[in-house]
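Contents: one structure, followed by commentary.
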Amino acid sequence: MSVALDDFVYDPFAPEVMSNPLPFYEVLRDRFPVYYAEKYDTFFLSRFQDAWDFLSLADNMFVTNEGSVFTQAAVLRHNTEAPQDKPTTPFGSHLNYGSPVYELVRQAHGRQLRPGNVRKLEPFIRSLVRRRLDQLIPAGRFDLVHEFAGIISASTICHLFHIPVEDAGEVLDTINVLTRTDNDEPGFKDVQEHQVKLIEFIRPRVATRRADGPDGSWPLVDGMLEFRLDGRELTDVEIAANLTCVLVGGTETLPKVVGHGLWELNRRPDQLAEVRSDLAANSAAAAEEMNRFCGPAQWFGRTAREPVTIAGQSVRPGQRVAYLTQSANRDPREFENPNRFQWNRSIPRTLAFGRGQHFCVGIHLARLEERIILEEFLGRVTGYEIDEDAAVRHPSSFQWGYSHLPVTITSTALPGD
Ligand code: HEM
């Protein structure tokens with residue numbers, strides 16, 4: 001698909017962009033690296049270096065009071081001044097507060113996701129993946145994204161939240177409906193209802209832990225119970241609402257990355273053979289290329305709090321700036337031959353997990369899960385075919401990734417292979 005250059009318009013909510021934004025990114029990078037969308041009073045950064053520099057700015061020059069994923073209705077409303085700080089009672093999601101509140105809450109629960117604690121999850125995740133493959137492989141055909149990787153990421157997150165892993169399917173379905181942006185039909189999704197549902201997966205566990213007495217052994221929740229904001233404890237609902245970002249972030253992206261990545265590998269038998277030749281040594285590198293090439297999130301935005309210059313462009317307080325993650329990931333100024341999937345390419349710098357203040361808190365868990373999934377799937381499944389005609393990639397202004405990839409298993413390793 002090629003994009004008309006005369007009167008070029010980039011609108012992340014336009015149907016043609018939602019169904020395939022990649023050709024638009026090429027034009028943006030080459031001709032309009034800092035694209036101003038007047039309709040939304042928002043600047044879009046498409047080059048890797050500009051996004052990198054933008055995310056390196058001091059905390060609080062830009063804020064996420066309006067969120068980092070904007071709806072079209074939100075950006076159609078133009079700000080005339082910098083967004084106001086929100087009151088902390090009642091306390092909403094810390095993602096919408098500036099420094100230092102944001103960092104204090106992130107530190108309060110983030111210990112659970114630091115490398116040392118994440119490493120301890122390896123035996124649990126490996127046995128989860130093996131059991132899931134035991135269940136799925138005999139059927140011969142299943143959905144790589146939803147039934148396999150999706151259940152793994154949702155079950156891992158359930159485990160972190162002490163939610164029974166039997167509920168993983170319901171957690172996954174709730175999140176998938178909430179993050180879809182392609183269907184505005186009345187009744188398709190009631191955002192509030194789904195958000196309440198997510199909070200209710202967590203709130204009862206927080207209440208029980210509070211009653212039992214936190215002892216620090218469950219950092220995700222204990223850290224939040226011990227945290228004091230302006231000298232007060234957070235309520236169970238406030239804690240649960242703040243932790244839904246981990247529930248969502250930890251569930252939604254990874255399956256789309258791994259499912260799509262396994263498809264890309266299978267399309268390139270020589271690369272697949274190279275990865276297989278030493279799975280323990282090669283899986284982490286292959287996963288990193290999947291994070292670059294297959295990431296579904298298209299952009300994240302911020303709102304300016306001060307006058308600032310971004311890539312030579314003056315930005316007023318209240319105006320928004322968004323970095324186009326998948327455009328940066330395919331910028332030829334950063335990556336040689338960027339539209340080629342190359343499992344062992346050199347990736348000295350990555351924006352696949354963001355950068356700076358809002359850098360992905362789940363990066364270590366994501367990399368661990370990806371590595372284990374690749375090792376176990378490719379170690380066990382020696383032949384597979386993706387049903388390309390049945391692949392589903394909903395048009396989306398935000399999460400443009402494969403949500404269903406049916407796979408047929410054509411051969412498996414014999415025990416002891
Ligand atoms: C392959 C998997 C993943 C990818 C590609 C990914 C990517 C990202 C990116 C690009 C951001 C930055 C957003 C921004 O700049 O505003 C982000 C933020 C975040 N991620 Fe991830 N992520 C992944 C997995 C996870 C996992 C496993 C978790 C949790 C266990 C997680 C939790 C979060 C949270 C809570 C944020 C918000 C941080 C903030 O705004 O302060 N992510 N992720």
Side-chain angles (χ1 to χ4, degrees), residues 45 51-52 54-57 59 62-70 93-99 101-115 117-118 121 125 145 149-150 152-161 171 175 179 198 219-220 241-261 284 286-303 320-326 328-329 350-374 398-401:
L45 305 177
W52 183 270
F54 166 60
L55 293 173
S56 310
L57 290 172
D59 300 348
F62 280 89
V63 282
T64 50
N65 295 33
E66 305 183 290
S68 56
V69 181
F70 306 131
S93 167
H94 66 292
L95 300 187
N96 302 135
Y97 291 78
S99 299
V101 172
Y102 165 80
E103 283 82 3
L104 292 171
V105 178
R106 181 169 165 134
Q107 281 157 18
H109 64 270
R111 194 156 62 82
Q112 182 89 58
L113 295 165
R114 294 210 191 116
N117 278 324
V118 166
L121 292 169
I125 299 172
V145 177
I152 299 302
S153 66
S155 303
T156 304
I157 285 296
C158 283
H159 176 72
L160 279 188
F161 277 99
V171 169
I175 291 169
T179 54
L198 283 187
L220 192 64
N242 269 275
L243 293 178
T244 54
C245 65
V246 175
L247 196 74
V248 175
T251 303
E252 67 168 347
T253 306
L254 182 127
K256 297 187 175 91
V257 171
V258 178
H260 183 181
E288 213 47 28
E289 173 65 343
M290 292 175 184
N291 289 324
R292 181 192 75 87
F293 197 81
C294 310
Q298 298 304 307
W299 53 272
F300 291 99
R302 316 276 188 256
T303 310
R320 294 129 180 159
V321 177
Y323 69 100
L324 296 166
T325 324
Q326 293 321 314
N329 282 345
T350 181
L351 283 172
F353 293 96
R355 173 170 164 76
Q357 191 181 24
H358 290 269
F359 184 62
C360 178
V361 74
I363 183 171
H364 307 294
L365 180 59
R367 284 178 169 159
L368 177 69
E369 281 182 62
E370 289 171 340
R371 179 171 61 73
I372 295 173
I373 288 176
L374 293 188
F398 173 56
Q399 276 276 351
W400 186 60

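Bear in mind the structure is a predicted one, so any value in this text is a computation, not a measurement. Whatever order the structure lists them in is the order used to number ligands and atoms, beginning at 1.
Residues Pro296 and Thr253 form a side-chain contact, since some pair of their non-hydrogen atoms from C-beta on lies under 4.5 Å apart. Side-chain contact check for Val246 versus Gln112: every heavy-atom pair is 4.5 Å or farther apart. Using a 4.5 Å heavy-atom cutoff, the side chains of His159 and Thr156 are not in contact. In this structure, the side chains of Arg302 and Gln357 stay at 4.5 Å or more apart for every pair of heavy atoms. Taking the side chain as every heavy atom from C-beta outward, Leu247 and Val171 approach each other to under 4.5 Å. The shortest side-chain heavy-atom distance between Thr64 and His358 falls under the 4.5 Å cut-off. Counting only heavy atoms from C-beta outward, the side chains of His94 and Cys245 approach each other to under 4.5 Å. When side chains are defined from C-beta on, Leu104 does not count as touching Tyr97, because their heavy atoms never get closer than 4.5 Å.
Near Ser68, meaning under 4.0 Å from any of its heavy atoms, are these atoms of ligand 1: 16 (O). Of all atoms in ligand 1, listed by their number and element, those nearer than 4.0 Å to a heavy atom of Leu365 are 30 (C). For ligand 1, the atoms lying closer than 4.0 Å to a non-hydrogen atom of Thr253 are 2 (C), 3 (C), 4 (C), 5 (C). Contact atoms of ligand 1 toward Cys245: 35 (C) (distance under 4.0 Å to a heavy atom of the residue). Numbered from 1 in the order shown, with element, the atoms of ligand 1 that lie under 4.0 Å from a heavy atom of Arg106 read 38 (C), 41 (O). Near Val361, meaning under 4.0 Å from one of its heavy atoms, ligand 1 places the atoms 32 (C), 33 (C), 34 (C), 35 (C). Listed by number with element, the atoms of ligand 1 under 4.0 angstrom from any heavy atom of Asn291 are 1 (C). Taking every non-hydrogen atom of Glu370 and a distance limit under 4.0 Å, the qualifying atoms of ligand 1 come out as 1 (C).
In terms of polar-atom proximity, defined here as any N/O pair under 3.5 Å, Glu369 makes no such contact with ligand 1. Residue Gln357 has no nitrogen or oxygen atom sitting less than 3.5 Å from a nitrogen or oxygen atom of ligand 1, judged on distance alone.
Of all the listed residues (Phe353, Tyr323, Phe300, Phe359), Phe353 holds the heavy atom that lies closest to atom 6 (C) of ligand 1. Taking each of Gly67, Gly301, Ala352, Cys360 in turn, the one with a heavy atom nearest to atom 10 (C) of ligand 1 proves to be Ala352. One option in Pro255, Gly250, Ala366, Gly110 has a heavy atom closer to atom 28 (C) of ligand 1 than any other, and that option is Gly250.
Heavy-atom distances between Met290 and ligand 1 stay at or above 4.0 Å for every pair. At least one heavy atom of Leu95 sits closer than 4.0 Å to an atom of ligand 1. Heavy atoms of Arg367 stay at 4.0 angstrom or farther from ligand 1.
Counting only heavy atoms of the protein, atom 25 (C) of ligand 1 lies nearest to Gly249 O, 3.2 Å. Counting protein heavy atoms only, atom 39 (C) of ligand 1 is closest to His358 ND1, 3.2 Å. Of all protein heavy atoms, the one lying nearest to atom 41 (O) of ligand 1 is Tyr102 OH, 2.2 Å. Considering only non-hydrogen protein atoms, atom 16 (O) of ligand 1 sits nearest to Arg302 NH1, 2.9 Å.
Taking both residues in full, the closest heavy atoms of Ser153 and Leu254 are given as CB-CD2, 4.0 Å, listed atom of the first, atom of the second, then distance. Closest heavy-atom contact between Phe353 and Ala366: CE2-CB, 3.9 Å. Considering every non-hydrogen atom in both Leu368 and Val118, the closest pair reads CD2-O, 3.4 Å.
By the 4.0 Å N-to-carboxylate-O rule, Arg292 lies close enough to Glu289 to be salt-bridged with it.
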